[in-house]
Q: 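Please see the structure below; I have some questions.
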Amino acid sequence: MDTHREKKLRREFCDILFELSKSQELFQDVHIRVSIYKRLENLYGSTKPNESFRHFYSDIFSVLTQIQQDSSLGDINILGQNLDIIRNGYKPQNKDDNGRIIDVSDSIKKLYDHVNLDIARILYSDAADRRILGEESIVELQTKVNEISYGIKEAKELQTITEDKIQNQQKEYIAILGIFSSVVLTFTAGIAFSTSVLNNIAAASIYRTVLISLIIGIVLINVIFGLLFYINKLICNEEKIKPLIISNMILLFMILCTIVAWYFGSVETRNHRVFVNEISWMV
């Protein structure tokens with residue numbers, strides 16, 4: 001078969017396949033059914049061995065892939081159904097120029113077999129592709145869900161931490177306000193007490209006044225230092241008690257000195273009074 005005729009027959013073959021893929025109702029029209037049978041007989045029915053047409057697998061695959069990729073060209077399932085109708089309904093009855101019956105049943109059966117084999121391959125490949133894409137989509141979706149879940153978990157943890165910080169800050173503010181209020185009240189009370197002592201300084205001895213002042217100083221220093229110590233622990237998380245120990249030791253030393261001075265001062269006053277009484281008696 002010359003190349004030009006072969007190309008012509010191959011184009012006719014592809015045109016027949018495209019036409020058969022367009023509609024399921026194609027063979028309800030008798031004229032179209034007869035026309036298709038005649039076209040197939042003209043395609044496959046050559047009596048000369050060298051002129052007989054043999055369809056190409058590549059042409060079948062090309063037509064099927066084009067139809068599968070573009071639904072406007074038809075449907076490969078419809079093509080398979082129509083070829084099945086042709087295979088079951090074809091009855092040789094037309095004659096060639098020599099008066100012999102043209103029978104292309106074998107060629108139609110091979111065409112039906114080859115087309116359906118490629119249809120099955122394409123459908124299987126598409127199903128596999130969809131399955132792979134579906135699995136990839138599921139994996140991608142699961143990854144996104146995991147990322148979102150992790151983000152929600154982090155957000156909840158951050159929210160919990162923030163709430164704890166806010167609660168702790170509220171407690172610290174309340175504690176600091178309370179402590180400063182206590183400092184103010186303590187300091188005010190100490191000043192008031194000290195003022196009362198100083199107002200009555202003339203009615204008491206100097207030793208008693210100094211001793212009471214030192215005791216008031218120890219009380220005020222310890223109370224104020226305790227409150228400031230708690231504030232420092234809340235804010236700076238530091239615990240420094242050395243200044244309090246030093247100040248208490250100094251005040252206690254001063255109290256001890258005052259008591260000793262008061263004792264010796266009382267003894268000297270008592271001796272002076274005895275001496276004065278003796279002189280008065282002698283006079």
Side-chain angles (χ1 to χ4, degrees), residues 1-138 140-141:
M1 180 184 298
D2 62 276
T3 306
H4 178 71
R5 186 170 185 275
E6 183 180 83
K7 288 182 179 179
K8 182 180 178 181
L9 293 177
R10 289 179 67 179
R11 283 197 300 270
E12 172 66 9
F13 172 74
C14 293
D15 291 340
I16 292 172
L17 294 183
F18 279 121
E19 187 172 348
L20 291 175
S21 66
K22 291 185 179 298
S23 175
Q24 291 176 316
E25 301 176 355
L26 188 64
F27 288 97
Q28 293 182 1
D29 189 329
V30 178
H31 298 289
I32 294 177
R33 185 168 65 247
V34 172
S35 174
I36 294 295
Y37 289 157
K38 286 183 178 180
R39 290 174 67 182
L40 290 173
E41 288 177 344
N42 292 332
L43 185 67
Y44 292 110
S46 177
T47 57
K48 298 178 182 179
N50 295 332
E51 298 295 328
S52 61
F53 175 75
R54 179 182 180 276
H55 56 252
F56 286 76
Y57 289 101
S58 59
D59 291 338
I60 294 174
F61 182 76
S62 175
V63 171
L64 292 178
T65 52
Q66 289 181 61
I67 294 172
Q68 186 69 358
Q69 293 172 2
D70 187 358
S71 60
S72 65
L73 298 176
D75 190 306
I76 59 175
N77 294 309
I78 293 175
L79 174 58
Q81 295 171 8
N82 286 333
L83 285 175
D84 183 56
I85 294 173
I86 291 173
R87 181 176 63 92
N88 293 323
Y90 175 70
K91 297 293 186 292
Q93 57 185 7
N94 295 320
K95 297 179 181 181
D96 59 13
D97 296 336
N98 298 322
R100 288 177 295 185
I101 297 295
I102 302 174
D103 187 359
V104 293
S105 300
D106 291 338
S107 298
I108 291 174
K109 290 178 181 178
K110 289 179 181 180
L111 175 62
Y112 170 81
D113 182 49
H114 296 163
V115 170
N116 277 278
L117 179 60
D118 272 353
I119 289 174
R121 288 176 180 174
I122 291 174
L123 294 178
Y124 178 78
S125 178
D126 289 348
D129 291 341
R130 286 194 296 271
R131 185 176 66 253
I132 293 172
L133 290 174
E135 292 174 355
E136 291 178 352
S137 299
I138 291 172
E140 184 179 355
L141 181 61

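What you see is a predicted model; the values in this text were computed from it and never measured.
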Q: Could you give the distance from CD (E41) to OG (S105), rounded to the nearest 0.5 Å?
A: 9.0 Å
Q: So how far is it from L20 CG to L83 CG, rounded to the nearest 0.5 Å?
A: 5.5 Å
Q: Find out whether Q28 and S23 are in side-chain contact, i.e. whether some heavy atom of one side chain is under 4.5 Å from a heavy atom of the other.
A: no
Q: Can you see which heavy atom on D59 is nearest to which on C14, and at what distance?
A: CB-SG, 4.1 Å
Q: Are the side chain of N88 and the backbone of D84 linked by a donor-acceptor contact shorter than 3.5 Å?
A: yes
Q: If we only count heavy atoms from C-beta on, is the N82 to I85 side-chain gap below 4.5 Å?
A: yes
Q: Do the charged groups of D113 and K110 touch, with an N to O distance under 4.0 Å?
A: no
Q: Donor-acceptor check, side chain of D103 to backbone of P92, threshold 3.5 angstrom: yes or no?
A: no
Q: With the side chain counted from C-beta on, respond yes when I36 and Y90 share a heavy-atom pair under 4.5 Å apart, and no when they do not.
A: no
Q: Out of curiosity, I32 CD1 to E25 CD, how far, rounded to the nearest 0.5 Å?
A: 10.5 Å
Q: Looking at CG of L73 and CG of L17, how far apart are the two atoms once the value is rounded to the nearest 0.5 Å?
A: 12.5 Å
Q: Would you say that more than 12 heavy atoms from the other residues, nucleotides or ligands in this model lie under 6.0 Å from the CZ of F61, or not?
A: no
Q: Could you state the interatomic distance from CZ (R39) to CG (D15), rounded to the nearest 0.5 Å?
A: 6.5 Å
Q: State, with a plain yes or no, whether a side-chain heavy atom of Y37 is found less than 4.5 Å away from one of Q93.
A: no
Q: To the nearest 0.5 Å, how far apart are OG1 in T65 and CD1 in I60?
A: 11.5 Å
Q: Between V63 and F13, is any pair of side-chain heavy atoms under 4.5 Å apart?
A: no
Q: Can you check side-chain contact (heavy atoms from CB on, under 4.5 Å) on R121 and D118, steps first, answer last?
A: CA-CA 5 Å; R121 288 176 180 174; D118 272 353; 3.5 Å; yes
Q: Once the angle between the rings of Y44 and H55 is folded into 0 to 90°, is it parallel (under 30°), tilted (30 to 60°) or perpendicular (over 60°)?
A: perpendicular
Q: What I'd like to find out is whether the side chain of Q81 reaches to under 4.5 Å of the side chain of F27, using heavy atoms alone.
A: no
Q: Flag the pair L123 / N77 as yes when at least one side-chain heavy-atom distance between them is below 4.5 Å, and no otherwise.
A: yes
Q: Backbone N or O of Q66 within a donor-acceptor pair of the D70 side chain at under 3.5 Å?
A: no
Q: For residues I67 and S21, report the shortest heavy-atom separation together with the two atoms involved.
A: CD1-OG, 3.4 Å
Q: Looking only at non-hydrogen atoms, find the nearest pair between R10 and S58 and report the distance.
A: NH2-OG, 3.8 Å
